[in-house]
Amino acid sequence: MTISIWLSVILTLVVILAFVSGKFPMSIIGAFIIFAVLLFNLEPTNMVFAGFGNDAVVILTGMFVVGAGLQKTTLIPKLAGILKKYSSHPRWLIVILGVITFLLATATSAVVTLLILMPILQGVAKEINIKSSKFLYPLAVISYVSTGSWFLGVGALNLSFSSMMTNLGAKTPLSVNDFLITRIPLVIVVIIYCATIGYNLLPNKDPKNVDDEESSQQSQAIDTELPIRKNIVGIVIFFATVILMIASSYIGMKSYIFSTAGAILMVICGIVTNKEALKSINLNLIFFIAGMLALANSLQYTGAGKLIGTGVAGIASNIHNHFLLLGLFMLIPMIMALFINNIGVMTIFVPLWTTACLQMGLDPRGAVLGLIFASTARCISPVTSTTLAIVMNPGGYSIKDFVKVGLPLQLIALVVGVIFIELVYPL
């Protein structure tokens, strides 16, 4: 092996350790990767910085602004208000909650959705004399597994995973709809589980008071109403952006054109100010994505990815049943996601699993979709799940509660995911 291969492997291991430590922001990890790749000349300079101009990064930037505009309209509060109509049927309330949460989290983010709906749910729970601990865990988990389902919000990141696949030699890229198709079964499983088995397993505890900082965030999340005309314009811009992005592949235009146009219109029409637009763009995530794309390119350019893939393929080659093989591809990232940010798990394993599948002559789409499915199904650890950490105090939960309710859910999700993905996207 050449020195470049060793350096790429070592860099990958260092990045994994950085995630495990939990001491470094994603942007610092991304910047470090770019610095290391440049320092050791692991790939051409133009490839190192190409991540900042990647289609997925451009779309992600635009959708951050479009999403900020949506949050200032009355659409989200009106959807959330539907919950109050089902307050006398708590299990059905969880189902309705699940549908609304899925829609909101897909369009915005898990934390925003949680902060909008949590005070409403706490009020409904008080009205019907049921502890909010029965609702907050389902809200947190459904919010989390729904975020990034499509191309909205951080879902634009999905396109970067497809780019990693094709850069490594995959013949067929993944579309935004492929990610949605495989995420829907997970969301359905979580909703049904939380309304049935999970409801019985959840503790019946008195909620604790949310601290002042969280209360302030919640108030800001809800108090975003615009004048009537701007409110309508903001909603129209959002749906027009979404529809045109969906239709982009059919009209021969790039999706980022419409996400960028939507962002510009949100500012020009006064839905968000220039300051709000800039503040909504998550540079932490953008630097991270650019760095991870540079890492994926270095694995390909130096041949390290092929070497690692060959090693994994050698182990997996003894597994001839594709369901078991996919189960392995999903189990490993599912366990890793308990200790590492799920985006980190995805970006680390996408190039590894892609290369392994190509070495075995398999279609890597199922493995990539499987690991994204598995790393998203995090229902136990508040360490790597912001939403679980937020509800832990107001719901009165303990780590033991999360394990008791979340472990069966993760196992069920793993089995359902393996069967569904292998049938729809066979290796």
Side-chain angles (χ1 to χ4, degrees), residues 22 83 87 89-98 100-102 105 110-111 113-147 186-211 213-215 217-218 331 334-342 345 374-417:
L83 289 175
S87 58
H89 305 283
R91 293 178 187 267
W92 277 109
L93 178 58
I94 290 177
V95 175
I96 300 300
L97 164 71
I100 294 176
T101 302
F102 171 70
V111 173
T113 301
L114 181 61
L115 292 178
I116 290 173
L117 295 180
M118 187 164 71
I120 297 175
L121 268 181
Q122 288 175 310
V124 171
K126 186 176 181 180
E127 282 183 28
I128 62 178
N129 199 29
I130 294 179
K131 307 300 183 184
S132 58
S133 58
K134 291 290 188 181
F135 298 116
L136 293 184
Y137 176 85
L139 172 62
V141 175
I142 296 169
S143 297
Y144 188 81
V145 300
S146 300
T147 298
L186 174 59
V187 175
I188 292 175
V189 166
V190 172
I191 292 174
I192 293 175
Y193 177 87
C194 288
T196 54
I197 300 172
Y199 188 85
N200 295 327
L201 294 176
L202 283 166
N204 197 35
K205 297 181 179 179
D206 287 317
K208 302 176 182 177
N209 292 326
V210 183
D211 61 36
E213 182 179 351
E214 286 183 358
S215 297
Q217 288 177 320
Q218 292 165 12
L331 179 61
M334 179 175 280
I335 294 173
M336 290 289 291
L338 296 176
F339 309 99
I340 301 177
N341 180 287
N342 72 315
V345 173
S375 59
T376 304
R378 295 190 301 177
C379 314
I380 296 175
S381 174
V383 176
T384 53
S385 174
T386 305
T387 55
L388 287 182
I390 290 174
V391 301
M392 193 169 186
N393 185 58
Y397 302 115
S398 65
I399 295 293
K400 183 179 178 180
D401 293 326
F402 286 152
V403 174
K404 178 181 178 181
V405 182
L407 183 57
L409 176 55
Q410 291 210 191
L411 295 176
I412 293 171
L414 178 62
V415 173
V416 172

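Computation of the quantities below employed the complete heavy-atom set of this structure, encompassing side-chain atoms and omitting hydrogens, waters and symmetry-equivalent molecules.
Considering only residues two or more places apart in sequence or on other chains, Leu414 meets the side-chain contact (heavy atoms from CB on, under 4.5 Å) condition with Met330, Leu331, Met334, Val418. The side-chain contact (heavy atoms from CB on, under 4.5 Å) test applied to Ile191 returns Val95, Ile142, Val187, not counting sequence neighbours. Tyr137 meets the ring pair (Phe, Tyr, Trp, His ring centres under 6.0 Å) test with Phe402; sequence neighbours excluded.
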Verdict with supporting geometry, Ile100 and Ile96, side chain to side chain contact (heavy atoms under 4.5 Å, CB included): CA-CA 6 Å; Ile100 294 176; Ile96 300 300; 4.0 Å; yes
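Residues Pro138 and Leu202 have side chains in contact (heavy-atom distance under 4.5 Å, counting atoms from C-beta outward). Residues Tyr199 and Pro90 are in side-chain contact: their nearest non-hydrogen atoms beyond the backbone lie under 4.5 Å apart. Using a 4.5 Å heavy-atom threshold, the side chains of Tyr193 and Val405 count as touching. Looking only at side-chain heavy atoms (C-beta outward), Thr196 and Asn200 stay at 4.5 Å or farther from each other. A 4.5 Å side-chain heavy-atom check between Val416 and Leu186 finds every atom pair outside the cut-off. Looking at heavy atoms from C-beta onward, Leu409 lies in side-chain contact with Val189 at the 4.5 angstrom threshold.
Shown here for Ser143 and Thr101, the closest heavy-atom pair between the two residues is OG-CG2, 3.2 Å. Of all the heavy atoms in Ser133 and Pro203, the pair that sits closest is OG-O, 2.7 Å.
Residue Ile412 holds its CD1 atom at 10.0 Å from CG of Leu407, rounded to the nearest 0.5 Å.
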